[in-house]
Trainee: 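Before I ask anything, let me first share the structure, which is written out below as C-alpha cells.
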2 protein chains.
Amino acid sequence: MLNQSAEYGLRAAVHLATLPDDEHASASDISERTKVPIPYLQKVLRTLTRAGVLKARRGMGGGFSLAKASNEITVLEILDAFDSSPQRIEKCPLGISGHTRLCPLHSLIDEQVANAVQIFATTTIRDILDTQSDIKPLCESQARVTLGLPTDKQTG
Amino acid sequence: MLNQSAEYGLRAAVHLATLPDDEHASASDISERTKVPIPYLQKVLRTLTRAGVLKARRGMGGGFSLAKASNEITVLEILDAFDSSPQRIEKCPLGISGHTRLCPLHSLIDEQVANAVQIFATTTIRDILDTQSDIKPLCESQARVTLGLPTDKQTG
DNA sequence: GCATAAGTGGACAGTCAACTCCACTTATGG
DNA sequence: CCATAAGTGGAGTTGACTGTCCACTTATGC
C-alpha cells in the first residue's frame with residue numbers, strides 16, 4: 001500500500017503531534033518512539049522538512065516539530081512527500097486511442113485507489129489522534145514501561 | 001496499488017476470457033493485444049500457469065487459455081499470483097507488546113486495504129467483461145483497426 | 001568564542017522488482 | 001522423423017527503494 005518511508009514519516013508526524021505545541025523532539029527521541037533506525041529516520045525527517053510538513057531547528061535543544069497545526073496536515077500530504085500516495089489511473093495504461101475513459105478493468109482498480117486517496121486526503125494527523133480507541137497511536141505513554149521484552153504481538 | 005506483473009496478468013486473463021472457450025492464444029498474440037513486451041509477458045504467463053489460472057499447451061498451435069471458467073477467476077487470485085494483493089496489516093508494525101489490535105494510525109491504513117481486498121476478492125474476470133460500458137476491456141475488437149497510430153490518449 | 005548538540009547534504013551499498021535473453025523441451029504436421 | 005511453432009527454466013541487467021555513513025553547518029550555553 002505505501003512504502004517504508006511513508007510509514008516512518010507518518011509515525012514521526014503522529015508522534016510530534018502528541019507533543020506540546022512548541023516543543024521539539026530530536027531525531028533520536030523520535031527514533032526511540034517510532035522504532036525507526038536513526039540514520040534512515042533522519043533522511044525521512046529531512047524529506048518531511050523540505051515538504052513543509054515539519055520545521056527543523058538546529059543546534060543544542062533543537063529538533064523537529066510540526067510546521068502547522070495537526071488538523072491541517074493530511075495523511076495524503078505525508079504520503080505525497082514520499083511519492084507514496086496510491087496512484088490514480090489517469091489514462092489507459094495500454095495507450096490506445098479512441099477511448100476517452102477507462103475500461104472496466106482499469107475503472108475497477110482506479111475506483112479502489114480513488115477511495116483510498118479520498119480518505120487519506122480528508123484524514124488529518126489530528127483525526128488519527130482523536131480516534132476513539134483504547135490503543136493509542138504508537139502505543140504512546142505506556143510504551144516506555146513495557147519496552148523491555150519486544151515481542152512480535154499485535155499492537156498498533 | 002499493484003505491480004506491473006499483476007497489471008499485465010490481469011490484461012492477459014481478461015483477453016483470454018474474451019476468446020471462445022477452448023481456443024488458445026500464443027504469447028505473441030496476447031502480447032499484441034495487451035501491449036506487453038513479449039519476453040516479460042512470457043514470464044507473466046508462466047507465473048499464471050503455475051498458479052493454476054491458465055493452462056498452457058506446447059507445440060504448434062499451442063498457447064494459453066483460462067484454466068477455469070472466467071466467473072471462477074477472481075481479480076485477487078491473479079494479484080496473489082504476483083504477490084501483489086494489497087497487504088493487510090496483521091500486527092503492529094512497531095512490534096510493541098501489550099496491545100492486541102491496531103492503533104488508529106494503522107487501522108486507518110488497514111481499512112483502506114481491506115476495502116480493496118474485499119472488492120478484488122469478489123470481482124471475477126467475467127464481472128469485468130460484463131460491466132456495462134461503451135469502452136470494452138483492452139479496447140477489444142475495434143482495437144486492431146485503430147492500431148496504426150498508437151497515441152497516448154485516454155482509453156481503458 | 002569554544003565545546004558540544006543537532007540538523008543537512010550527499011555519497012555509497014544491498015535488495016528487489018522490472019525486464020531481457022537464450023538454450024532447452026514439447027508438440028504438430030508434412 | 002525432421003523442421004518449425006510454442007512454452008519452460010533460469011541467468012543476467014538495470015534502476016528504484018531501503019538503509020547507512022560521514023563530513024559539514026548551525027546554534028546553544030558556559
Side-chain angles (χ1 to χ4, degrees), chain A residues 1-12 16 19 22-67 79-87 93, chain B residues 1-12 16 19 22-67 79-87 93:
Chain A
M1 188 65 153
L2 40 82
N3 61 29
Q4 259 329 84
S5 301
E7 159 76 24
Y8 291 165
L10 283 171
R11 288 189 206 174
L16 289 174
L19 301 180
D22 49 354
E23 192 167 313
H24 287 247
S26 70
S28 50
D29 284 351
I30 303 174
S31 166
E32 250 184 64
R33 205 45 162 288
T34 59
K35 309 274 178 76
V36 178
I38 309 176
Y40 194 45
L41 180 64
Q42 286 177 323
K43 195 178 218 175
V44 165
L45 294 171
R46 267 179 270 154
T47 302
L48 284 179
T49 303
R50 284 197 210 109
V53 174
L54 302 185
K55 272 182 307 195
R57 202 160 65 182
R58 293 183 174 199
M60 255 182 112
F64 298 86
S65 63
L66 297 185
L79 301 190
D80 271 335
F82 302 99
D83 298 315
S84 189
S85 59
Q87 281 309 294
Chain B
M1 187 64 155
L2 40 82
N3 62 29
Q4 254 337 74
S5 300
E7 158 75 25
Y8 292 165
L10 282 172
R11 289 189 206 173
L16 289 174
L19 301 179
D22 49 353
E23 192 166 313
H24 287 246
S26 71
S28 49
D29 286 351
I30 303 174
S31 167
E32 249 185 62
R33 205 48 162 288
T34 58
K35 308 274 179 76
V36 178
I38 308 176
Y40 195 44
L41 179 63
Q42 287 177 321
K43 193 176 217 175
V44 166
L45 294 172
R46 267 179 271 155
T47 302
L48 284 179
T49 303
R50 283 196 211 110
V53 174
L54 303 185
K55 272 182 307 193
R57 203 160 65 182
R58 292 184 173 198
M60 257 181 111
F64 298 86
S65 62
L66 297 184
L79 301 190
D80 271 336
F82 302 99
D83 297 316
S84 189
S85 58
Q87 279 310 292

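Just so we're clear, the structure is a prediction, and the values are computed from it rather than from any experiment. Chain letters run A, B, ... following the sequence lines, proteins first, then strands; residues in each count from 1.
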Trainee: Taking only side-chain N and O atoms of A/Thr49, does any of them lie within less than 4.0 angstrom of OP1 or OP2 on C/dG7?
Mentor: no
Trainee: Would you mind telling me which of D/dG7, C/dT8, C/dA5 lies closest to the side-chain atoms of B/Ala56?
Mentor: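 Per side-chain heavy atoms of B/Ala56, the pick is D/dG7.
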Trainee: Please determine, for the side chain of A/Asn3, which listed nucleotide (D/dC17, C/dA17, C/dG7) has the closest atom?
Mentor: D/dC17
Trainee: If I take atom CD1 in residue B/Ile30 and atom C1' in nucleotide D/dA6, what distance separates them, rounded to the nearest angstrom?
Mentor: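 Distance check: B/Ile30 CD1 to D/dA6 C1' gives 12 Å.
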Trainee: About how many Å separate CZ of A/Arg57 and OG of A/Ser26, when rounded to the nearest 0.5 Å?
Mentor: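 A/Ser26 OG to A/Arg57 CZ: 12.5 Å, rounded to 0.5 Å.
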Trainee: Provide, to the nearest angstrom, the distance between the CG atom belonging to B/Leu16 and the P atom belonging to D/dG7.
Mentor: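 Taking CG of B/Leu16 and P of D/dG7, I get 11 Å after rounding.
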Trainee: Say you draw a straight line from NE2 of B/His24 to CZ of B/Phe64; how long is it, rounded to the nearest 0.5 Å?
Mentor: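 CZ of B/Phe64 is found 10.5 Å from NE2 of B/His24.
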Trainee: Rounded to the nearest Å, what distance is computed from the CZ atom of residue B/Arg58 to the C1' atom of nucleotide C/dG29?
Mentor: 19 Å
Trainee: Looking at C/dT28, I'd like to know if its phosphate oxygens (OP1 or OP2) sit under 4.0 Å from a side-chain N or O belonging to B/Arg57.
Mentor: no
Trainee: Heavy atoms only, 4.0 Å cut-off, all strands: where does B/Ser5 land among base, sugar-phosphate and nothing?
Mentor: sugar-phosphate
Trainee: Quick one: on DNA chain C, does B/Leu41 or A/Gly63 contact a more 5' nucleotide (nearest heavy atom)?
Mentor: A/Gly63
Trainee: Counting side-chain heavy atoms from C-beta on, which of D/dC21, C/dC21, C/dT4 comes nearest to B/Pro39?
Mentor: C/dC21
Trainee: Looking at B/Tyr8, does any N or O in its side chain come under 4.0 Å of the phosphate oxygens OP1/OP2 on C/dC19?
Mentor: yes
Trainee: On the nucleotide C/dT20, are OP1 or OP2 found under 4.0 Å from the side-chain N or O atoms that B/Tyr40 carries?
Mentor: no
Trainee: Just the rounded figure in Å: distance from C1' of D/dG19 to CD of A/Gln42.
Mentor: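 Nearest whole value for this atom pair: 12 Å.
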Trainee: Which residue, B/Thr34, B/Ile30, B/Leu16, B/Val44, forms the side chain to side chain contact (heavy atoms under 4.5 Å, CB included) with B/Arg11?
Mentor: B/Thr34
Trainee: State which of C/dT28, D/dG10, D/dT20 makes the closest approach to the side chain of B/Arg46.
Mentor: D/dG10
Trainee: Please compare A/Gly59 and A/Gln4 by the position of their nearest nucleotide in DNA chain D and report the one closer to 5'.
Mentor: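 Of the two residues, A/Gln4 wins.
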Trainee: Return the value, rounded to whole Å, for the distance between atom CD of B/Glu23 and atom P of D/dA6.
Mentor: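 Answer to the nearest Å: 13 Å.
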Trainee: Do A/Val53 and A/Thr47 have side chains that approach each other closer than 4.5 Å (heavy atoms only, starting at C-beta)?
Mentor: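 They are not in side-chain contact.
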Trainee: Could you grab the distance from atom CD of B/Glu23 to atom CG of B/Leu66, nearest 0.5 Å is fine?
Mentor: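 Result: 12.0 Å between the selected atoms.
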Trainee: Figure out the CD1/P separation between A/Ile38 and D/dG19, and round it to whole Å.
Mentor: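 Interatomic distance, CD1 of A/Ile38 to P of D/dG19: 14 Å.
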Trainee: Atom CZ of A/Arg50 to atom C1' of C/dG9: distance rounded to whole Å?
Mentor: 8 Å
Trainee: Distance check needed: C/dA18 P versus B/Leu2 CG, whole Å only.
Mentor: 10 Å
Trainee: Start at the 5' end of DNA chain C and walk down; is the nucleotide closest to B/Met60 or to A/Gly62 reached first?
Mentor: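 Checking each residue's closest nucleotide, the 5'-ward one belongs to A/Gly62.
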